[in-house]
Amino acid sequence: MKVLFLSENYYNDEYANITGSIYQSYLIAKFLSQKGFKIMYVSLSKIPRSFKENDNFEVYLLKEKNNVFLSFFEVLKFIKNLEFDLVYTRGRSYLLFIAFLTKKPYIFNSNAQEGLRKFKHISKLFYSKRNFFKKILLFIPFLILDFLVQIGIKNSHLIIVQNEFQRNEAKKIWKRDAIIIPNLQFRVKNYPKKSEKIVIWIGQITKWKNPQLFIEIAQKLKKYKFLMIGYGDLNLIEGYEKIENLKFLGKLKNEEINKILEKSWIILNTSEGEVGIPNVIIQAMMRGNVPICLNDDFSILEKYKIGFKVKNLNEMIEKIILLFENENLFFDYSKRAFEFSNNYFDYERNGNLYYQYFLEIFSKNS
């Protein structure tokens, strides 16, 4: 089977900003290529080029455009020269409408708690901090994008989601029975040694991720060690270098992050609203970290007692102190998080679910 992957960025592109969704698309494509599927992965980059990840996995990086509509036509024009049986795309973007235009069976993989809602882009524009005139200017392009995405969702041959909340959204909004497949991560065989009490924050430093809250917490809990990993707008964490118990490590490779996660105890998620469970939270749990998350538990943390959902900064501080001052409680949560995440997000287990559903869609439409 030949599968076309449409993605806004490519995981192994050094010029791209990599999100968890991009990483997941890459892992799924890699797994399917190892199962014998022919993968054609089309994405955008500052430097256009093509290459092979393996004999079954071809990558085509097209020239990134300044405008989403120019990118739309660039991708559409290129894929007309490709032969494929099935299309996969993840997240709400113009690529979903391109999948619809191919007239081939296609899979939409939602990557967001609110990813199936109608007029999401317009809603986010309305509640954004942009000035009034900027909102007026962007209204029509955002409205067009929402319409294109909704045509793509409505006509998709299969909707894949991450959890029960998203599946209920698919049923309520689109009257569709979505399939739950959790994210993929490589299994960690042994529970790591936890010797030093460390709180960690990992992510892109942007306003909606509230990195300043991590800085505030480090200032209030001076007896504990805090590590911050990420890149972006460093103005948002201005003054971090003056905090003796906090160390900013900048942007690190995934392998380096995993080594640090083996040592750390607690990972904080301070975002206003995530698009789904962040990959770094999964990676952290798979290495025995207990997540404390603002406003969202991704339908699993409290249900399986592997982490905490809190409403504000003070509650977050209370949970950190609770876990650090009660080591037996920490290790109960830590070991449950380790066991649960390594089973629930296992690369082979969830990769095989994708493999089965891809085959099913192909056989139904061939």
Side-chain angles (χ1 to χ4, degrees), residues 1-45 47-62 64 71 75 78-79 81-96 98-100 102 104-112 115 152 156-162 179-187 253-255 275-276 279 282-283 345-362 365:
M1 189 199 310
K2 296 178 181 179
V3 183
L4 172 64
F5 272 68
L6 296 175
S7 180
E8 290 183 284
N9 294 110
Y10 185 64
Y11 176 66
N12 283 335
D13 181 11
E14 62 270 31
Y15 302 101
N17 287 330
I18 304 305
T19 64
S21 188
I22 299 301
Y23 181 54
Q24 285 300 307
S25 293
Y26 166 77
L27 288 179
I28 295 162
K30 182 178 180 180
F31 184 90
L32 295 176
S33 72
Q34 292 167 339
K35 284 286 189 178
F37 287 11
K38 297 290 184 182
I39 304 298
M40 287 162 279
Y41 201 110
V42 176
S43 185
L44 299 165
S45 175
I47 308 297
R49 60 204 187 276
S50 61
F51 53 90
K52 283 190 174 186
E53 284 278 350
N54 60 47
D55 289 341
N56 292 328
F57 191 160
E58 293 186 84
V59 180
Y60 303 97
L61 301 183
L62 311 183
E64 189 175 83
S71 295
V75 175
F78 180 81
I79 66 170
N81 299 316
L82 300 178
E83 292 185 7
F84 49 89
D85 305 303
L86 186 67
V87 185
Y88 171 90
T89 187
R90 188 181 185 95
R92 298 175 66 107
S93 78
Y94 63 90
L95 297 171
L96 185 53
I98 291 178
F100 165 74
T102 66
K104 298 284 187 178
Y106 66 97
I107 293 170
F108 167 57
N109 202 152
S110 178
N111 65 347
S156 60
H157 292 71
L158 177 67
I159 296 175
I160 297 175
V161 296
Q162 295 171 297
I179 302 299
I180 296 177
I181 304 181
N183 284 358
L184 285 67
Q185 287 286 350
F186 295 105
R187 180 181 284 271
K253 293 181 179 179
N254 206 43
E255 298 78 15
V275 296
N279 279 282
I282 299 170
Q283 288 172 246
F345 299 106
D346 179 58
Y347 177 78
E348 291 290 334
R349 170 188 176 271
N350 296 335
N352 275 313
L353 290 175
Y354 276 102
Y355 176 70
Q356 292 164 18
Y357 283 111
F358 273 61
L359 284 177
E360 185 178 309
I361 293 297
F362 175 70
N365 293 276

Item checked: More than 12 heavy atoms of other groups within 6.0 Å of Tyr15 OH -> no
Next item on the list: Spell out, as yes or no, whether a donor-acceptor pair under 3.5 Å connects the side chain of Gln24 to the backbone of Leu184.
Entry: yes
Next item on the list: Nearest 0.5 Å please: distance from the CG atom of Leu86 over to the NZ atom of Lys104.
Entry: 10.0 Å
Checklist line | Flag if over 12 foreign heavy atoms under 6.0 Å of CD, Glu14 | finding: yes
Check: Would you find a donor on one side and an acceptor on the other, under 3.5 Å apart, between the side chain of Asn56 and the backbone of Ser33?
Finding: yes
Item checked: Flag, side chain of Tyr88 to backbone of Ala29, donor-acceptor distance under 3.5 Å -> no
Notebook entry, point to check: Quick check: does any side chain N or O of His157 sit under 3.5 Å from a backbone N or O of Ile107, one acting as donor and the other as acceptor?
Noted result: no
Item checked: Step-by-step side chain to side chain contact (heavy atoms under 4.5 Å, CB included) determination, Thr89 to Tyr94 -> CA-CA 10 Å; Thr89 187; Tyr94 63 90; over 6 Å; no
Check: Rounded to the nearest 0.5 Å, what separation is found between the CD atom of Glu53 and the OH atom of Tyr41?
Finding: 10.0 Å
Check: Would a 4.5 Å heavy-atom cut-off, applied to side chains only, mark Val42 and Leu82 as touching?
Finding: yes
Notebook entry, point to check: Backbone N or O of Asn183 within a donor-acceptor pair of the Asn350 side chain at under 3.5 Å?
Noted result: yes
Notebook entry, point to check: Roughly how far, to the nearest 0.5 Å, is the CD1 atom of Ile180 from the CD1 atom of Ile160?
Noted result: 11.5 Å
Note to self: Closer than 3.5 angstrom, by distance alone: can the side chain of Ser43 be matched with the main-chain N or O of Asn9 as a donor-acceptor pair?
What the structure shows: yes
Notebook entry, point to check: If you measure only the distance, is there a donor-acceptor pair under 3.5 Å linking the side chains of Gln283 and Asn254?
Noted result: yes
Notebook entry, point to check: Are the side chains of Leu27 and Tyr11 in touch, meaning some heavy atoms are under 4.5 Å apart?
Noted result: no
Margin query: Tell me whether the rings of Tyr10 and Phe57 are parallel (<30°), tilted (30 to 60°) or perpendicular (>60°).
Written below: perpendicular
Item checked: Rounded distance (nearest 0.5 Å) linking atom CE of Met40 with atom CZ of Phe5 -> 10.5 Å
Margin query: For the CD1 atom of Ile22 and the OG atom of Ser7, what is their distance to the nearest 0.5 Å?
Written below: 3.5 Å
Next item on the list: Specify the closest pair of heavy atoms between Arg90 and Ser21, including all atoms of both residues, with the distance to one decimal.
Entry: CD-OG, 3.2 Å
Next item on the list: Quick one: pull up CG in Leu6 and CD1 in Ile79 and give me the separation to the nearest 0.5 Å.
Entry: 5.5 Å
Check: side chain to side chain contact (heavy atoms under 4.5 Å, CB included) between Asn12 and Val59: does it pass, once the steps are laid out?
Finding: CA-CA 10 Å; Asn12 283 335; Val59 180; over 6 Å; no
Next item on the list: Please examine the side chains of Leu96 and Tyr106, heavy atoms only from C-beta on, and report whether any two atoms are closer than 4.5 Å.
Entry: yes
Check: Does the side chain of Val87 come within less than 4.5 Å of Ile98's, by heavy atoms?
Finding: no
Checklist line | Distance-minimising heavy-atom pair for Gly91 and Phe108 | finding: O-CE1, 3.5 Å
Check: Hey, does Ser71 have a side-chain heavy atom less than 4.5 Å from the side chain of Glu8?
Finding: no
Notebook entry, point to check: Does the side chain of Asn352 come under 3.5 Å of the side chain of Lys35 through a donor N or O and an acceptor N or O?
Noted result: yes
Item checked: Asn54 CG: over 12 foreign heavy atoms closer than 6.0 Å -> yes
Item checked: Near-ring test Tyr355/Phe31, centroid separation under 6.0 angstrom -> no
Checklist line | Glu360 and Phe362, any side-chain heavy atoms less than 4.5 Å apart | finding: no
Note to self: Measuring only between side-chain heavy atoms, which start at C-beta, is Thr102 closer than 4.5 Å to Phe84?
What the structure shows: yes
Next item on the list: Would you mind reporting whether Tyr357 and Ile181 have side-chain heavy atoms less than 4.5 Å apart?
Entry: yes
